[in-house]
2 protein chains.
Amino acid sequence: MRRPTLEAVAARAGVSRATASRVVNGQTTVAPHIRDAVLRAIDELGYVPNPAARSLVTQRTDSVALVVSEPGTRVFSEDPLFSTAIRSASMELEAVNKQVVLMLASSAKSHARVERYIAGGHVDGVMLISMHGADPLPAALSRLRVPVVSYGRPAVPVDIPFVDNDNVGGAEAGVRHLVESGRRRIATIAGPQDMIAGQDRLAGYRNVLRDSDRRSIVAVGDFTRESGAVAMRQLLGDDPGLDAVFVANDLMAVGALQSLRQAGRRVPDDVAVVGFDDIEAAKYTEPPLTTLRHPVSEQAAAMVKLLLGLFEGGAIDPVILPTELVVRESA
Amino acid sequence: MRRPTLEAVAARAGVSRATASRVVNGQTTVAPHIRDAVLRAIDELGYVPNPAARSLVTQRTDSVALVVSEPGTRVFSEDPLFSTAIRSASMELEAVNKQVVLMLASSAKSHARVERYIAGGHVDGVMLISMHGADPLPAALSRLRVPVVSYGRPAVPVDIPFVDNDNVGGAEAGVRHLVESGRRRIATIAGPQDMIAGQDRLAGYRNVLRDSDRRSIVAVGDFTRESGAVAMRQLLGDDPGLDAVFVANDLMAVGALQSLRQAGRRVPDDVAVVGFDDIEAAKYTEPPLTTLRHPVSEQAAAMVKLLLGLFEGGAIDPVILPTELVVRESA
DNA sequence: GGGGTATGAGAGAGCGCTCTCTCGACAGGT
DNA sequence: ACCTGTCGAGAGAGCGCTCTCTCATACCCC
């Protein structure tokens with residue numbers, strides 16, 4: 001009780017295997033009545049092409065790997081960025097009939113696994129979501145002569161096209177908003193400095209403060225809610241007089257709001273808070289969070305487009321998407 | 001500049017292709033010095049087996065599809081259940097060297113795509129996350145004679161082993177907690193009734209109220225935060241005197257807390273709130289949410305184990321995992 | 001020393017498909 | 001009538017691997 005082969009279809013339709021193949025692959029050099037006969041045979045037998053056989057000869061697999069290189073297990077589950085990006089990329093690829101192979105590369109062992117898999121030619125290309133500077137994967141994959149694109153600028157300069165949002169510009173806009181609303185002592189809770197987003201958002205903060213002649217007050221978190229709460233307590237200890245804080249992501253901002261509440265500070269009256277990312281939860285904090293929105297779905301879609309461009313051959317320039325300040329009540 | 005083949009490895013090692021294949025596949029019937037020679041050749045050439053060729057003959061692909069059949073786009077991104085389940089399943093499968101092909105089946109069109117893909121033999125098995133009763137996919141896939149397991153009990157009775165948590169028992173425990181703490185007018189915000197989790201949790205609520213001689217007060221949401229807020233307002237309108245509410249998931253509970261705050265009700269003094277799922281955010285609500293924890297990761301892991309069991313042949317019984325009441329401050 | 005049994009290695013037949021090459025048939029131009 | 005050109009269809013070679021079957025060698029027992 002095997003699956004029918006192209007041979008069987010051809011036999012039933014009374015044509016050669018080559019002709020049946022032509023019909024399956026939509027070539028036009030087949031006379032209408034023969035094409036119909038083949039299609040009928042396909043239908044009657046319930047024929048579905050064997051992908052292994054096909055890609056053995058075509059050297060294509062019509063699937064791409066989505067590699068999420070993220071050691072932090074909690075982050076993956078909690079930060080909606082990942083699921084949104086995965087979802088969007090996935091949908092874009094489905095639209096062009098490519099499959100998504102999801103690979104989570106959390107440990108050194110799984111890095112090796114990913115490399116082996118990619119090297120094995122299981123996929124036509126790779127989309128890499130890697131945010132940590134020390135990650136060896138971008139460099140390793142770019143060596144493999146497989147089309148690779150990155151979600152977010154790779155930390156080490158490596159020859160991979162990427163799509164990123166304007167972290168520096170976004171942070172500048174957020175801090176400028178605080179400056180313009182008359183805040184004097186503007187602190188920041190920065191992200192991890194081994195991550196590009198962490199670095200760039202801190203740079204944006206520094207740029208604006210430098211120009212506006214204010215002192216920078218920095219605490220560093222790791223993009224988790226808890227670290228935001230801790231960092232906020234720390235900032236309040238260091239400088240009880242601060243009247244604003246720019247938090248490098250919303251998850252930490254949620255933690256910061258909690259610490260501010262516990263410390264008896266009113267938001268935004270005593271302390272203004274600006275986040276980054278505009279995650280869903282930002283709408284529901286108390287008070288709702290002013291933050292910077294960047295289009296995660298669009299970024300993922302652009303990444304897919306970039307990869308498809310690579311398939312067609314042709315080096316492709318990085319894409320930087322703009323961010324947008326969303327003013328709610330926290331600042 | 002082609003990739004080296006097994007033939008090349010064999011030639012370099014001075015053995016036959018068959019022997020090289022034996023070494024690659026770890027068969028023991030190869031003399032040590034020959035094995036070494038082959039391994040050296042593999043290393044020197046950077047040989048990696050061609051998976052298409054391999055699976056053409058073995059009829060295996062060593063990859064499984066993870067099909068998320070979820071029309072609600074927002075839910076996928078926001079509900080951490082999906083990312084947690086995906087992550088956990090993915091890690092379990094990596095441990096046994098299987099690849100995960102992620103497929104999002106949101107529309108009827110993508111249903112057809114999924115079916116075609118599975119029928120094509122791209123994967124050795126399917127893990128199905130489908131929560132809507134009207135979903136035709138479970139039945140369709142089970143017809144395909146491919147090993148399929150389901151995350152959550154399929155709504156239509158179909159012959160697929162599944163892993164689920166004890167929704168009825170969990171809801172009963174939650175409502176019983178409210179009864180035991182002396183609440184008299186216990187309402188519920190139920191989930192969508194075309195979803196098993198929605199049905200079962202409502203059933204649990206009803207079971208306990210029936211036994212404790214209280215009237216049931218029901219509003220229905222769709223598991224989103226917003227719907228929880230709306231339902232809560234509605235309940236307060238219907239019965240201003242209610243003193244407790246059992247909410248069928250945490251996301252809706254967060255919305256409900258917001259509505260309660262806006263209506264000037266104190267939680268838990270005026271109204272006690274119990275959620276379901278114990279998502280990360282439940283710890284950070286004001287006040288922290290009492291809720292029912294079910295082990296999403298374990299459930300996903302159990303699903304993987306179930307699927308691997310199917311590969312070995314042998315019909316396998318459903319697995320029901322227990323839930324646990326986590327008492328925080330909201331009830 | 002002959003016959004039998006392990007043991008290790010090679011030969012070769014496919015797995016199901018694509019795609020180039022070839023060829024037949026027929027139309028149109030001279 | 002013949003030659004050229006076009007179009008549609010078949011033949012068959014391979015893609016890179018696994019695995020059965022076969023065979024050569026070495027070993028043991030009587």
Side-chain angles (χ1 to χ4, degrees), chain A residues 1-42 45-63 97 116-117 119-124, chain B residues 1-42 45-63 97 116-117 119-124:
Chain A
M1 185 57 187
R2 258 225 151 65
R3 283 172 43 195
T5 71
L6 194 58
E7 190 80 53
V9 171
R12 188 179 190 100
V15 300
S16 73
R17 197 174 61 246
T19 302
S21 174
R22 287 189 187 98
V23 173
V24 169
N25 293 294
Q27 290 186 20
T28 49
T29 65
V30 179
H33 72 279
I34 295 209
R35 130 172 280 111
D36 286 349
V38 173
L39 289 175
R40 203 171 327 116
I42 287 174
L45 294 174
Y47 169 76
V48 186
N50 180 323
R54 176 177 276 172
S55 71
L56 182 58
V57 32
T58 59
Q59 310 276 26
R60 284 182 298 101
T61 62
D62 288 330
S63 58
N97 251 295
R116 221 179 319 121
Y117 187 78
H122 279 90
V123 293
D124 298 340
Chain B
M1 186 56 190
R2 257 222 152 68
R3 284 172 41 194
T5 71
L6 193 57
E7 190 80 53
V9 171
R12 186 178 191 99
V15 301
S16 75
R17 196 174 61 245
T19 301
S21 173
R22 287 190 187 97
V23 173
V24 169
N25 293 295
Q27 288 185 21
T28 51
T29 66
V30 180
H33 71 281
I34 294 210
R35 133 175 275 110
D36 287 348
V38 173
L39 289 176
R40 202 170 329 115
I42 287 175
L45 294 173
Y47 170 76
V48 185
N50 180 323
R54 176 177 276 171
S55 75
L56 181 57
V57 33
T58 59
Q59 310 277 25
R60 283 181 298 103
T61 63
D62 286 329
S63 59
N97 251 295
R116 220 177 320 122
Y117 188 78
H122 279 90
V123 292
D124 299 339

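Just so it is clear, the structure is predicted and the values come from calculations on it, not from any experiment.
- Contact annotation: the side chain of B:Thr19 approaches that of B:Arg22 to within less than 4.5 Å [non-hydrogen atoms, C-beta and beyond].
- By the 4.5 Å heavy-atom criterion applied to side chains, A:Ile42 and A:Val24 are counted as neighbours.
- The distance between atom CD of A:Gln59 and atom C1' of C:dT18, rounded to the nearest whole Å, is 11 Å.
- With contacts defined as side-chain heavy-atom distances shorter than 4.5 Å, the pair A:Leu6/A:Arg54 does not qualify.
- Between A:Arg17 and B:Glu7, the residue whose closest nucleotide on DNA chain D is further toward the 5' end is A:Arg17.
- A straight line from CZ of A:Arg35 to C1' of D:dC7 spans 15 Å, rounded to a whole angstrom.
- Comparing C:dG12, D:dG16, C:dG16 by their closest approach to the side chain of A:Thr5 singles out C:dG16.
- In this structure, CG of A:Leu56 is placed 14 Å from P of D:dG14, rounded to the nearest angstrom.
- One interatomic measurement links the two molecules: CD1 of B:Ile34 to C1' of C:dG10, which rounds to 11 Å at whole-angstrom precision.
- Looking at A:Thr5 and A:Asn50, their side chains never come closer than 4.5 Å, going by heavy atoms from C-beta outward.
- Donor-acceptor pairing under 3.5 Å, judged by distance alone, is present between the side chain of B:Arg22 and the base of C:dG10.
- Residue B:Asn50 places no side-chain N or O under 4.0 Å from the OP1 or OP2 atom of D:dC15.
- The closest side-chain heavy-atom distance from A:His122 to B:Val48 is not below 4.5 Å.
- The residue A:Val24 sits apart from the nucleic acid: no heavy atom pair falls under 4.0 Å.
- Closest-nucleotide positions on DNA chain C for A:Ser21 and B:Ala31 were compared, and the one nearer the 5' end corresponds to B:Ala31.
- One interatomic measurement links the two molecules: NE2 of B:His122 to C1' of C:dC17, which rounds to 13 Å at whole-angstrom precision.
- One interatomic measurement links the two molecules: NE2 of B:His33 to P of C:dA9, which rounds to 7 Å at whole-angstrom precision.
- Rounded to whole angstrom, the span from the OH atom of B:Tyr47 across to the P atom of D:dT18 amounts to 6 Å.
- When rounded to the nearest whole Å, the span between CG of B:Leu6 and C1' of C:dG12 equals 14 Å.
- Nearest nucleotide to the side chain of A:Thr58, out of C:dA9, C:dT18, D:dT18: C:dT18.
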